[in-house]
Amino acid sequence: VAVGDQVILRTTDEVGGVGGGGWSAIGGAEGKTMYDVVFGDTNTVYAVGSGGTVLKSVNGGQGFAAVTSGETQTRRAVTCLDGNQCWVGGDSEILRKTTNGWTSWSPKLGVSGTNALSFVDGSRGFLVVDNRYVGDQYTGVLYSIDGGDTWTSYRNYSTGRGLSMS
């Protein structure tokens, strides 16, 4: 599954449709710029984007439905440990966490400009932000060891855009 400007794409090709063909547009992103997508498990997929958009698929990305987030700020990053435990961040001043598949949310952090985030387990995670101060430090990469309740500056960069962990 891939996302972009007003589109969600899905392929079932083992090589990802390389060489042409194999990608299909999936509805649900009309009028929205989508920024990130993640599989929570084999069937549960979440996509986030402009206008506070959070979309959820329960069939491996074959179709998506809107999740009511109650916010209008752009969501730029999402990460999940499974189909229920996820974090989402973006332009608003609050990083949010859910443990029940987005039935309810918990606010976790008062910093805006989240561009990427990833958790390796329920406690340890990294967050990449854009041009923000946390305390008295200009930061780009922060880490948490308590599930996102508190964050510490790891590296000071003026702009952070991406993150990959294994």
Side-chain angles (χ1 to χ4, degrees), residues 1-109 111-122 125-131 140-141 147-148 159-166:
V1 176
V3 296
D5 190 18
Q6 300 188 49
V7 68
I8 299 172
L9 299 173
R10 182 178 184 268
T11 185
T12 56
D13 290 355
E14 289 185 27
V15 293
V18 175
W23 288 92
S24 301
I26 306 298
E30 296 80 6
K32 305 291 183 184
T33 299
M34 304 306 294
Y35 289 99
D36 200 7
V37 61
V38 65
F39 275 82
D41 57 37
T42 303
N43 293 311
T44 309
V45 185
Y46 295 101
V48 296
S50 62
T53 301
V54 178
L55 303 175
K56 180 179 182 178
S57 172
V58 293
N59 56 14
Q62 294 178 42
F64 285 81
V67 173
T68 303
S69 69
E71 295 193 22
T72 59
Q73 295 289 327
T74 294
R75 298 292 177 210
R76 296 185 186 277
V78 60
T79 188
C80 296
L81 294 179
D82 55 40
N84 291 312
Q85 188 172 352
C86 305
W87 292 260
V88 64
D91 291 352
S92 78
E93 299 241 346
I94 298 175
L95 177 72
R96 297 203 177 266
K97 178 183 178 181
T98 182
T99 58
N100 55 19
W102 274 318
T103 300
S104 62
W105 302 77
S106 298
K108 288 295 177 185
L109 177 68
V111 64
S112 61
T114 301
N115 289 320
L117 61 120
S118 183
F119 274 77
V120 296
D121 58 34
F126 286 85
L127 174 68
V128 177
V129 297
D130 186 20
N131 298 322
V141 180
T159 301
R161 293 282 184 227
L163 176 66
S164 178
M165 298 178 69
S166 62

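- For the pair Leu117 and Ala77, the tightest heavy-atom approach, listed with the atom from each and the gap, is CD2-CB, 3.5 Å.
- Using modelled atom types, no side-chain atom of Gln6 and backbone atom of Lys32 make a donor-acceptor pair closer than 3.5 Å.
- Taking every heavy atom of both residues into account, Val78 and Val38 meet most closely at CG1-CG1, 3.7 Å.
- Annotation: disulfide (SG to SG under 2.5 Å) contacts involving residues 40-76, sequence neighbours excluded, are absent.
- Screening residues 44-56 for salt bridge (charged side-chain N to carboxylate O under 4.0 Å, His left out), with sequence neighbours left out, gives no hits.
- Between Tyr46 and Val88 there is no side-chain heavy-atom pair separated by less than 4.5 Å.
- In this structure, CZ in Arg76 is found 10.0 Å from OG1 in Thr114, a value given to the nearest 0.5 Å.
- Side-chain contact between Val1 and Ile8: present, with at least one pair of heavy atoms (C-beta onward) separated by less than 4.5 Å.
- Nearest heavy atom pair, residue Asn43 against residue Asp41, reads N-OD1, 2.9 Å.
- Sorted by first and then second residue, the side chain to side chain donor-acceptor pair (under 3.5 Å) pairs with a member in residues 77-90 form an empty list; sequence neighbours excluded.
- Asp5 pairs by the side-chain contact (heavy atoms from CB on, under 4.5 Å) definition with Thr33, not counting sequence neighbours.
- Screening residues 58-68 for side chain to side chain donor-acceptor pair (under 3.5 Å) gives Ser57-Asn59 as the qualifying pairs, with residues at least two apart or on separate chains.
- Shortest non-hydrogen contact noted between Phe64 and Gly27 is CB-O, 4.2 Å.
- Closest approach of Tyr35 and Arg75 over heavy atoms only: CD1-O, 3.6 Å.
- The backbone N or O of Gly60 lies less than 3.5 Å from a partner atom in the side chain of Arg10, making a donor-acceptor pair.
- Among residues at least two apart or in separate chains, disulfide (SG to SG under 2.5 Å) pairs with a member in residues 25-83 are Cys80-Cys86.
- Atom OG1 in Thr99 sits 11.0 Å away from atom CG in Leu81 (nearest 0.5 Å).
- Annotation for Val37 and Ala2: closest pair CG1-CA, 4.4 Å, computed over non-hydrogen atoms.
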